[in-house]
Protein chains: 2
Amino acid sequence: MSKLPSLKNLSYLLALHQHQNFNRAAEASHVSQSTLSSGIQNLEEQLGCQLIERDHKSFLFTSMGEQVVDQARQILTSTEELLNFAQSQGKLMEGPMRLGCIPTIAPFLLGDLSKSLQRQYPKLQLNFREDTTSNLLLHLRNGELDALVLALPIDLQGNLSYVLGRDPFKLVMHKQLASDLSEPVIYNQLPDQSIFLLEREHCLTGHAVAACELADSAKINPFTATSLHSLVQIADARLGATFLPQMAIDRGILNGTDLVALKPSGHQAAREIGLVYRATTSRRQTFRKLAESIAALLPEPTLS
Amino acid sequence: MSKLPSLKNLSYLLALHQHQNFNRAAEASHVSQSTLSSGIQNLEEQLGCQLIERDHKSFLFTSMGEQVVDQARQILTSTEELLNFAQSQGKLMEGPMRLGCIPTIAPFLLGDLSKSLQRQYPKLQLNFREDTTSNLLLHLRNGELDALVLALPIDLQGNLSYVLGRDPFKLVMHKQLASDLSEPVIYNQLPDQSIFLLEREHCLTGHAVAACELADSAKINPFTATSLHSLVQIADARLGATFLPQMAIDRGILNGTDLVALKPSGHQAAREIGLVYRATTSRRQTFRKLAESIAALLPEPTLS
DNA sequence: CCACTTTAATTGGTATTACCGATTATGATA
DNA sequence: TATCATAATCGGTAATACCAATTAAAGTGG
């Protein structure tokens with residue numbers, strides 16, 4: 001059995017990969033350039049393979065090097081988690097917690113969540129980041145985030161998840177347009193191109209189309225909005241209807257408008273909200289408690 | 001940011017946990033007892049918490065210590081995998097591969113699989129271990145095994161899997177008992193207590209009951225067998241019928257008997273065979289190729 | 001064409017620490 | 001009480017991690 005590589009050298013490799021420059025990587029690692037340089041060479045020797053190609057002035061990560069970086073990132077993330085876990089004495093709901101959330105949930109959840117967690121767990125240091133599902137998953141892998149609040153179903157890519165609850169979709173339109181409709185609304189009563197949705201990168205779009213059985217795309221307007229608030233504007237201007245999640249409506253997104261929220265057809269016209277975290281975590285218990293806190297704030301909690 | 005624990009010290013902790021004795025753990029780690037002792041103390045200082053309670057003669061792992069051991073095992077397994085991966089130059093299907101398999105698959109797969117892999121990938125060093133699903137999953141976590149061939153569905157516990165294919169269940173009985181039955185066999189034509197199954201710890205039992213919609217437990221004989229070959233003996237002695245997977249029949253388990261295999265009722269009377277591996281692995285590509293090789297040997301390959 | 005800058009590798013010296021063998025302290029056992 | 005087994009401690013040594021300074025090579029600007 002050959003000698004294990006040192007975590008320090010692996011972290012040097014990560015820093016080099018991030019900064020693509022020995023000096024800056026060394027600075028970021030709080031060591032001298034020579035230390036980092038020999039650390040990398042050391043690592044290459046221990047692993048028995050070339051990680052970077054040097055061409056006398058600059059360098060390039062080999063394909064092998066890239067793969068080692070990926071694996072090393074995972075190892076270091078786990079180790080840092082272990083350290084955090086141990087240093088907080090294994091106490092639940094303490095220490096830093098970096099939470100990612102998608103834009104169609106964040107504005108209607110994080111305010112209340114922040115308040116409720118502060119009150120229940122004052123030692124928990126919350127940090128939020130709002131981004132798309134795929135970006136959040138990348139940051140989760142990198143160890144830059146600890147857990148994500150997402151709309152399911154998605155490809156979990158080996159992560160674990162709790163299902164927190166359901167968030168029903170409502171069909172929202174101006175009250176004058178809605179006057180001669182009965183619930184649940186059958187879509188072919190609506191004119192073509194009268195339904196407005198978000199841009200494609202928002203998973204809400206796909207989930208709404210699927211959940212509300214909106215296969216007939218002729219009803220969908222090709223113009224796409226960038227936020228739920230834009231959709232509200234569009235609907236309030238009587239340009240058409242849209243789908244909004246119950247969470248947003250509960251938090252008053254329709255206040256000051258002349259819009260009404262109708263029950264759409266579709267057997268289960270709702271999205272599921274889930275909490276996603278790394279399979280390698282050492283804080284399962286904390287995530288469980290976090291899941292309970294979040295579920296309590298959802299329209300239809302179904303923690304599992 | 002505090003200093004990361006060293007992998008060496010973590011491995012000392014694992015050795016100590018395994019041997020429950022400083023001297024033996026030190027010997028197994030190829031260091032002196034004093035080195036290991038101070039290594040552990042060092043680790044406790046870095047982690048800022050007590051890992052073992054010393055009572056002047058013996059010691060006991062604290063709950064914290066146990067949890068650190070679990071996480072450390074995962075970290076060290078990942079690191080060893082990285083080392084293997086790098087040292088084999090990242091080549092696919094090379095180096096050691098420790099494969100676990102359940103007893104209701106192993107005898108009917110591993111022979112052919114071994115031959116086929118030897119021919120296709122002569123540099124792959126295969127090792128097999130046969131055990132129950134839950135034991136195999138433990139060994140996978142520990143890093144003692146690299147991948148498992150199991151019957152799905154199971155709780156993956158954060159591992160990843162490929163579905164390799166379907167393995168239909170057949171209702172097997174003596175040809176005289178079968179003479180006045182028509183396929184697919186409706187179970188209430190059978191006498192009570194006439195169906196024999198394996199012991200509870202074999203997942204085949206549960207899967208067969210579920211897949212063949214055998215909810216009516218009055219038909220199931222309370223005597224349980226310990227192997228498929230025992231079931232064949234029982235059926236051949238005209239004591240009753242049993243369920244056997246197609247794989248076993250294809251490999252000739254009924255040869256030399258007077259048994260016939262009938263199609264059971266039940267919409268999808270089959271089990272799925274899957275390959276399970278750690279989410280933290282660095283050998284996904286290798287497992288993919290392995291999955292292809294295994295799938296090719298199944299009755300109904302459906303790799304996904 | 002030549003200073004000047006930037007880059008990564010190399011060198012030599014120093015401080016750290018990893019490790020061992022020996023010793024000690026403490027229960028358990030005979 | 002003597003002996004044994006165990007884990008912690010101690011003192012010395014070998015290994016190595018690290019830095020500052022230097023070198024080598026390749027751009028850059030005048």
Side-chain angles (χ1 to χ4, degrees), chain A residues 1-62 64-66 68-69 72 76 79, chain B residues 1-62 64-66 68-69 72 76 79:
Chain A
M1 147 176 141
S2 37
K3 221 176 119 188
L4 290 171
S6 90
L7 290 181
K8 216 183 313 180
N9 285 350
L10 289 180
S11 77
Y12 294 162
L13 188 73
L14 283 202
L16 184 61
H17 187 256
Q18 187 185 341
H19 295 97
Q20 292 290 324
N21 174 300
F22 276 73
N23 280 300
R24 286 195 290 279
E27 196 179 349
S29 304
H30 309 292
V31 293
S32 73
Q33 172 261 318
S34 65
T35 297
L36 190 130
S37 178
S38 60
I40 302 286
Q41 289 175 55
N42 218 314
L43 196 57
E44 285 185 311
E45 197 170 337
Q46 282 170 354
L47 295 183
C49 66
Q50 202 177 357
L51 300 175
I52 56 182
E53 276 174 33
R54 292 122 166 122
D55 70 336
H56 271 145
K57 168 71 180 171
S58 184
F59 63 88
L60 208 74
F61 274 75
T62 62
M64 192 63 203
E66 295 281 351
V68 170
V69 164
L76 281 166
T79 311
Chain B
M1 144 177 144
S2 37
K3 220 174 119 187
L4 290 171
S6 90
L7 291 180
K8 216 183 313 179
N9 285 350
L10 289 180
S11 78
Y12 293 162
L13 188 73
L14 283 201
L16 183 62
H17 188 256
Q18 187 185 341
H19 295 98
Q20 292 290 325
N21 175 301
F22 275 73
N23 281 300
R24 287 195 289 280
E27 196 178 349
S29 305
H30 309 292
V31 294
S32 73
Q33 173 261 319
S34 65
T35 297
L36 190 128
S37 178
S38 61
I40 302 285
Q41 289 175 58
N42 218 312
L43 195 57
E44 285 184 311
E45 198 170 335
Q46 283 170 356
L47 295 184
C49 67
Q50 201 178 358
L51 300 176
I52 57 183
E53 276 173 34
R54 292 120 168 122
D55 68 338
H56 273 144
K57 168 68 179 172
S58 185
F59 61 88
L60 208 73
F61 273 75
T62 63
M64 191 64 204
E66 295 280 352
V68 171
V69 163
L76 280 166
T79 311

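Values below: all heavy atoms of this structure, side chains included; hydrogens, waters and symmetry mates excluded. Fair warning: this is a prediction, and the values are worked out from it, not measured in the lab.
Between the side chain of Gln33(B) and the main chain of Asn23(B), no donor-acceptor pair closer than 3.5 Å is present.
Side-chain atoms of Gln41(A) and base atoms of dA9(C) include no donor and acceptor less than 3.5 Å apart. Not a single donor-acceptor pair, N or O on each side, falls under 3.5 Å between the base of dA22(C) and the side chain of Ser34(B).
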Determine, step by step, whether Gln18(B) and Arg24(B) satisfy the side-chain contact (heavy atoms from CB on, under 4.5 Å) criterion, reporting the C-alpha distance in whole Å, the side-chain angles of both residues, the deciding distance to 0.1 Å, and the verdict.
-> CA-CA 10 Å; Gln18(B) 187 185 341; Arg24(B) 287 195 289 280; over 6 Å; no
Candidate pair Phe61(A) and Val69(A), rule side-chain contact (heavy atoms from CB on, under 4.5 Å), full reasoning | CA-CA 9 Å; Phe61(A) 274 75; Val69(A) 164; 3.6 Å; yes
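In the set dA8(C), dC18(D), dT7(C), the nucleotide with an atom closest to the side chain of Arg24(A) is dT7(C). Residue Asn23(B) has its side chain nearest to dA7(D) when only dA9(C), dA7(D), dA17(D) are considered. The Tyr12(B) side chain lies nearest to dC19(C) when the options are dA9(C), dT6(D), dC19(C). In this structure, of dT10(C), dA7(D), dA17(D), it is dA17(D) that holds the atom nearest to the side chain of Lys8(A). For Asn42(B), the listed nucleotide lying nearest its side chain is dA18(C); candidates were dA7(D), dA18(C), dC20(C).
For the side chain to side chain contact (heavy atoms under 4.5 Å, CB included) test with Leu14(A), the passing option among Val68(A), Leu76(A), Asn9(A) is Leu76(A); the others fail.
Taking atom CZ of residue Phe22(A) and atom P of nucleotide dA25(D), one finds them 17 Å apart after rounding to whole Å.
Put simply, Asn21(B) has a side-chain N or O that comes within less than 4.0 Å of OP1 or OP2 on dT6(D). Between Ser37(A) and dA9(C) there is a side-chain polar atom (N or O) within less than 4.0 angstrom of OP1 or OP2. A close approach under 4.0 Å does not occur between any side-chain nitrogen or oxygen of Ser32(B) and OP1 or OP2 of dC19(C).
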